[in-house]
Amino acid sequence: MALQGKKLINDPNDVVTEFIEGLVETYPGLQYLDGFPQIKVVLRADVVQGAYDKVAVISGGGSGHEPTHAGFVGPGMLTAAVSGDVFTSPPVDSILAAIRAVTGPMGCLLIVKNYTGDRLNFGLAAEQAKSEGYKMEMVIVGDDCALPPPRGIAGRRGLAGTILVHKVAGAAADAGLSLAEVAAEAKHASEVVGTMGVALSVCTLPGQVTSDRLGPKQMELGLGIHGEPGVAVVELQPIDVVVEHVLKQILSQETQYLPITRGSNVVLLINGLGATPIMELMIAARKAVPELQLEYGIAVDRVYTGTLMTSLDMAGFSITIMRSDENILQRLDAPTKAPAWPVGSEGNRPPAKIPVPVPPSPSGKDDEILTEPQELSKQGCILEAAIEAGAKEIINIKDNLNEWDSKVGDGDCGTTMYRGATTILEDLKKRYPMNDAAGTINEIGSTVRRVMGGTSGILYDILCKAAYASLKQNTSIGANEWADALEASVAAVSKYGGASAGYRTMLDALIPACTVLKQSLKAGDDPVTAFIASSEAASAGAESTKQMQAKAGRSSYIAPDLVASVPDPGAVAAAAWYRAAAHAVKSKLHASDS
């Protein structure tokens with residue numbers, strides 16, 4: 001029978017903020033932004049907003065993995081860490097607050113563990129930061145070696161190897177390298193590191209019951225750091241046998257996850273998952289080092305053993321192996337004051353918290369209302385007509401979208417899109433600067449982020465932010481500039497969402513639309529003709545999803561025969577608003593010419 005988990009806490013809802021308060025009281029080199037409970041950001045106390053003269057390195061994710069991520073903030077490692085609630089990706093606004101607080105002219109690198117929520121939220125924050133003038137790069141770490149090579153776009157999970165990537169990137173930044181150089185070193189480190197974990201118990205979330213999924217004589221191989229099931233549940237084995245199995249899996253020549261062979265040099269990390277005594281971790285290290293040397297012919301250059309990336313109170317450990325070279329060793333050996341590496345706590349104590357930075361402009365504030373009616377230009381009228389038509393079309397097909405989504409997803413696509421469309425119509429005349437095309441697209445992104453929620457809301461906000469960044473570079477905006485903005489939007493959604501053509505997503509409508517639009521304009525077609533032709537391509541692309549096997553989203557978990565003959569609701573929605581906008585532009589122009 002499952003029992004209530006015992007925790008040394010107050011209110012379960014306050015565990016993350018109270019952890020941060022205790023952390024900065026313990027280590028005088030750290031501060032936090034005064035934005036609780038929404039914004040939970042720990043940053044270096046010696047970094048002055050806007051004046052930092054080196055590349056800022058930021059990471060983060062859901063809480064529950066302490067000391068990751070906040071414990072690795074300090075000179076030589078992270079410049080800031082963003083915490084979400086327990087096992088929940090931090091919101092976009094928190095990530096943006098961290099970027100604004102520590103990023104100077106050298107730019108910012110985001111290091112993100114490979115989970116969909118983290119990729120999307122950090123990706124959207126990166127796009128927003130770019131639109132505000134920050135130089136941004138992002139490196140995604142997926143070092144899990146437990147599961148078979150993944151299909152589709154999910155990829156390998158980010159685990160304890162991410163900590164070594166933090167150290168490499170932080171040391172490179174501290175050495176004064178450029179953003180491109182720091183990102184390149186981090187990306188290289190992420191490609192030569194692999195991790196596998198073993199658990200004796202499942203973690204207990206604050207305020208919840210303890211799971212009895214694992215029996216007293218069982219252990220689970222490849223369990224995720226959020227308690228998600230691993231590759232197998234087996235009988236408890238001696239630690240030497242477990243270590244042999246884990247190393248064999250990480251270094252498997254069948255999966256070839258790592259470019260490590262006999263004669264290679266490596267760094268070894270033995271990591272406790274939260275409730276494993278240091279004695280047991282040292283026993284694992286004692287076995288792992290000679291096993292690598294004698295059985296695999298691999299030289300072990302460095303060994304790190306400790307509790308670095310946890311899963312709350314999970315009993316177990318993980319082994320991480322990173323291929324080393326002179327440069328990686330130099331970065332790992334470089335000094336750092338990040339407390340969890342670990343280092344001492346010395347120096348004068350600055351204030352424990354500082355104000356949250358405000359956005360550089362009032363654009364995007366939820367409470368900003370246009371005080372006077374706008375007198376629209378011709379282009380403003382056309383843009384208004386297109387937005388209105390697209391939103392109304394989404395409202396009209398709400399029930400159809402929900403019906404299709406009930407067969408291939410969770411049944412709420414129409415409701416989610418309807419919520420965004422109705423709010424866009426409400427904001428159309430009172431929030432959007434219609435004579436400023438770039439600004440209007442940016443505000444639409446803020447609208448959908450505010451009300452849509454879920455993956456759809458994030459993806460459409462990314463789409464709008466990328467379009468805004470493209471459009472605002474131009475002094476005048478015509479058909480070619482809109483085509484470039486659409487292309488930038490498609491690229492951004494693909495980059496951060498992970499999908500591409502044929503994955504059965506909204507991109508299967510937008511990619512052909514973009515291709516036809518660019519081709520038609522290049523061939524000299526009239527812009528309206530090109531827009532209409534591209535809308536037909538979008539509709540055809542959405543229809544083609546009936547024959548596609550899903551490789552992204554919830555549909556990817558459904559048997560292919562159940563998905564067949566049902567179009568992807570997201571693609572249909574994208575084609576619908578795009579087609580409605582195209583015909584609205586055509587009607588508006590013909591009306592003004594007559």
Stepwise side-chain contact (heavy atoms from CB on, under 4.5 Å) test for Ile395 and Leu425: CA-CA 10 Å; Ile395 292 171; Leu425 291 179; 3.6 Å; yes
message: Nearest 0.5 angstrom please: Glu481 CD to Asn474 CG, how far?
response: 4.5 Å
message: Would the distance check show the side chain of Asn114 and the main-chain N or O of Arg157 forming a donor-acceptor pair, the cut-off being under 3.5 Å?
response: no
- prompt: Just wondering, do Leu510 and Leu463 contact through their side chains at under 4.5 Å, heavy atoms?
  reply: yes
field: From OG1 (Thr447) to CG (Asp427), nearest 0.5 Å
entry: 4.0 Å
query: Distance-only, no hydrogens or angles: does the Thr162 side chain make a donor-acceptor pair with backbone N or O of Leu159 under 3.5 Å?
result: yes
- prompt: Does Tyr432 reach the side chain of Ile424, with side-chain heavy atoms less than 4.5 Å apart?
  reply: yes
- prompt: Does a side-chain heavy-atom distance below 4.5 Å link Asn396 with Glu393?
  reply: yes
message: Distance to the ring centre below 6.0 angstrom and angle to the axis at most 45 degrees; does that hold for Arg156 and Tyr257?
response: yes
- prompt: Going by the angle between their ring planes, with limits at 30° and 60°, are Phe87 and His226 parallel, tilted or perpendicular?
  reply: perpendicular
query: Does the Asp508 side chain pair with the main chain of Gly502, one donor and one acceptor, at a distance under 3.5 Å?
result: yes
message: I'd like to check Gln379 versus Glu384 (side-chain heavy atoms, cut-off strictly below 4.5 Å). Are they in contact?
response: no
message: Would the distance check show the side chain of Asn442 and the main-chain N or O of Ala438 forming a donor-acceptor pair, the cut-off being under 3.5 Å?
response: no
- request: Could you tell me whether a side-chain N or O of Asp412 sits under 3.5 Å from a main-chain N or O of Thr415, the two making a donor and an acceptor?
  value: no
- prompt: Can Lys465 and Leu124 be said to form a side-chain contact (heavy atoms from CB on, under 4.5 Å), step by step?
  reply: CA-CA 8 Å; Lys465 289 296 183 289; Leu124 175 53; 3.8 Å; yes
message: Are Gln128 and Arg449 packed together at the side-chain level, in the sense that at least one heavy-atom pair is separated by less than 4.5 angstrom?
response: yes
statement: One should read off an interatomic distance between Gln38 CD and Lys40 NZ, to the nearest 0.5 angstrom, of 7.5 Å
- prompt: Can you check salt bridge (charged side-chain N to carboxylate O under 4.0 Å, His left out) on Lys113 and Asp143, steps first, answer last?
  reply: CA-CA 9 Å; Lys113 297 191 302 301; Asp143 55 314; over 6 Å; no
task: Keeping the roles fixed (side chain from Asp436, backbone from Gly439), state whether a donor-acceptor pair exists under 3.5 Å.
output: yes
- request: Determine whether the side chains of Tyr496 and Glu127 contain a donor N or O and an acceptor N or O closer than 3.5 Å.
  value: yes
message: Return the NZ to CD distance between Lys429 and Glu388, rounded to the nearest 0.5 Å.
response: 6.0 Å
query: Given side chains that start at C-beta, do those of Pro259 and Val192 come closer than 4.5 Å, heavy atoms only?
result: yes
- prompt: Is the number of heavy atoms from other residues, nucleotides or ligands under 6.0 Å of Lys392 NZ greater than 12?
  reply: no
field: Flag side-chain contact, heavy atom, 4.5 Å: Arg100 against Glu132
entry: yes
message: Please check: side-chain N/O of Thr545 versus main-chain N/O of Gly541, any donor-acceptor pairing under 3.5 Å?
response: no
message: Val112 vs Val139, test: side-chain contact (heavy atoms from CB on, under 4.5 Å). Steps then yes/no.
response: CA-CA 6 Å; Val112 182; Val139 170; over 6 Å; no
field: Pairs meeting criterion ring-ring contact (aromatic ring centres under 6.0 Å, His included) with involvement of residues 513-536, two or more places apart
entry: Phe531-Tyr578
- request: Please check if the side chain of Ser190 supplies one atom and the backbone of Val141 the other of a donor-acceptor pair under 3.5 Å.
  value: no
task: Take Leu110 and Ile99 through the test side-chain contact (heavy atoms from CB on, under 4.5 Å) and record every step on the way to the result.
output: CA-CA 9 Å; Leu110 302 178; Ile99 293 170; 4.3 Å; yes
message: Closer than 3.5 angstrom, by distance alone: can the side chain of Ser494 be matched with the main-chain N or O of Val490 as a donor-acceptor pair?
response: no
Beyond-backbone contact of Thr440 with Ile387, side-chain heavy atoms, under 4.5 angstrom: yes
query: With distance as the sole test, does Ser89 use its side chain to make a donor-acceptor pair with the main-chain N or O of Gly117 at under 3.5 Å?
result: yes
query: Restricting to pairs with a member in residues 387-424, which pass ring-ring contact (aromatic ring centres under 6.0 Å, His included), not counting sequence neighbours?
result: none
message: Quick check on side-chain contact (heavy atoms from CB on, under 4.5 Å): which of Pro527, Ser534, Ser535 does Leu517 satisfy it with?
response: Ser534
task: Name all pairs fulfilling the salt bridge (Lys or Arg N to Asp or Glu O under 4.0 Å) condition that reach into residues 532-543, sequence neighbours left out, sorted by first residue then second.
output: Glu543-Lys546
query: Which of these passes side-chain contact (heavy atoms from CB on, under 4.5 Å) with Leu179: Met136, Glu137, Met106?
result: Glu137
